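On a predicted model such as this, the values are computed, not experimentally measured, just so you know.
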Amino acid sequence: MDGSLPDDEEFWSGSKIRWVAGGMDGAFGHHAGPAKMTDEAREMVHLLAKQSRKPKNSTRKALYAKLVKTDMGGMIDSILDEVRKQPGIHPGSLFLEAKWLAENAAHRNVVKFGIAMLGLFQNEQVKELLLTLGRHEEFTLYAAVAIHNGMEDSNQVLFELAQRVHGWGKIHIVERLEPASQEIKDWLLRQGCHNSVMNEYLACICARNGGLQEALSADRVDSALFDAATDIIEALLNGGPAEDIDDYEHAPQVLSDYVRLTQEIGATAKHLSAIFSIYDFLAQVEDKWAVRMSAGWSEQLRTDISDACQSIIADTKWAGIVMEAVGSGDSSDRYYGVACAEKLGMDIWDTLFDQLAENPLQDFHFIQLMKSNDPNRIRKFVQFATEHLPLQQIASGPGNEMGFGKEYAAHRNLGAIFQSLDRFEGIGTELIFTGLNSPVISNRNMAIKALEGWNFASWGERLVEAVTHLSEVEPEDSVKERLHKLREAKGL
């Protein structure tokens, strides 16, 4: 399922950014307060009540038209309360209307409203409808709330749905799922945390409800559980946007047990990466530890775990494991391999450059290769980029593009080079010229950033002309202001 819906073009018309399925409801639900009931929403509820008393196509049409234009994500609870308070609503008719909207609507807001209304009733009879709609991440939250409110065995049904979603939908369900059986607890530990948005949203919930402390304190831990625990611990240590390692009451014991287990069965770059994360956590500034000492930690435990981490990191076996991960065809393995190589001080630049030659549009490699401090390596990489990026295609003229989506992959690669090109004066003038003429705003900003770090004498006539011309045609005020300051600073 790619997340697309029939009303995509209409719904996102005029918007620079398209959210992933469920992303808008998820982000605003987690990071914004509830929205206030509007007059339009009240009018919608009145129409619904009218339709329940005397069903008519004309009333349904008027209600539908209002629903299409109403983003009810932040005020759905208020709308449901308003429905409950409406005098003279006919429950039987209301249920049928809600079912019709959920089943037949061609617009997401209408489907969401229909699902939400179904949550006002005992709704076992529409279980398959709710499960089907809930499998699309855009509707999972609404289906989960409707299931939770309207079914006797709601927790088991939610568990069934949780195993079919992977993004925001999974986050919404795991946040509501009760660890009512060993099967659910095992799933929470082994599969519950991993999602396509951010593992950090679910790490603490899965650790707590799945029983991570008990699981890791066992004499034997299988490799699948150990890998899953690695994901949970890494996410807890990363911190935000939900509860993190300092909110998890069993953190001292869990980290101690994880390090012990890594000494026994740790065998991948991901395991080593988690050890580095634990070691860095233990080495944080003392004012953070003053608070932790009253939350289950002791100075002795901190020292013991830190020493054990150092012992693990010093093991010579890791060099081979890390290089194998760096060369892996699996992007996740490669990510951990590169991260650990950096920590261990291993030089992998040439390996990454050779990999890039096989596939010249890999964002990750562009970012990593620009971390070098060697001007000769940067010169070699810039030459490669000049030959392999579609520069003429990128330099189509300044615009207001954000640069998201597959069609802007090359623009993002170019931006990755600009991240640190200001440190290498005179290298990459052709790329900077291209960036100044890119329709992507961040490309132009980053090209200007590079020039801010260069002496004016190294610009060359072509770049001087490009900056002068862009000052006249730049469509974004913030970029125009930056260009003005750049010209002032360089005496242009």
### Task
Verify, without hydrogens or angle tests, whether R412 (side chain) and G405 (backbone) share a donor-acceptor contact under 3.5 angstrom.
yes

### Task
For this output row, return yes or no: ring centroids of W459 and W454 closer than 6.0 angstrom.
no

### Query
Roughly how far apart are K490 NZ and E488 CD, rounded to 0.5 Å?
13.0 Å

### Task
Using a strict 4.0 Å threshold on nitrogen-to-oxygen distance, state whether K270 and D231 make a salt bridge.
yes

### Query
Is the shortest distance from a Lys or Arg side-chain nitrogen in D307 or R302 to a carboxylate oxygen in the other one below 4.0 Å?
no

## Note on the structure
The ring-ring contact (aromatic ring centres under 6.0 Å, His included) partners of F353 (sequence neighbours excluded) come to W349, F384

### Query
Can E243 and Y248 be counted as having a side-chain donor-acceptor contact under 3.5 angstrom?
no

### Message
Quick one, V145 and R176 - any side-chain contact, counting heavy atoms below 4.5 Å?
### Response
yes

#### Entry: Derivation and outcome, ring pair (Phe, Tyr, Trp, His ring centres under 6.0 Å), residues W318 and F276
CA-CA 12 Å; W318 293 115; F276 274 121; 8.9 Å; no

### Task
First locate atom NE2 of H365, then atom CD1 of I367, and finally report the distance between them rounded to the nearest 0.5 Å.
11.0 Å

### Message
Check the orientation of F159 and W187. Use parallel for under 30°, tilted for 30 to 60°, and perpendicular for over 60°.
### Response
perpendicular

### Task
Would you sort out whether E430 and T386 count as a side chain to side chain donor-acceptor pair (under 3.5 Å), showing the intermediate values?
CA-CA 7 Å; E430 181 69 23; T386 305; over 6 Å; no

### Task
Measure up the Y335 and F364 rings against each other and bin them: parallel (under 30°), tilted (30 to 60°), perpendicular (over 60°).
tilted

### Side chain proximity check, Q163 to Q191, heavy atoms < 4.5 angstrom
no

### Message
Between F226 and H271 (judged by ring centroids, cut-off 6.0 Å), do the two rings come close enough to count as a pair?
### Response
yes

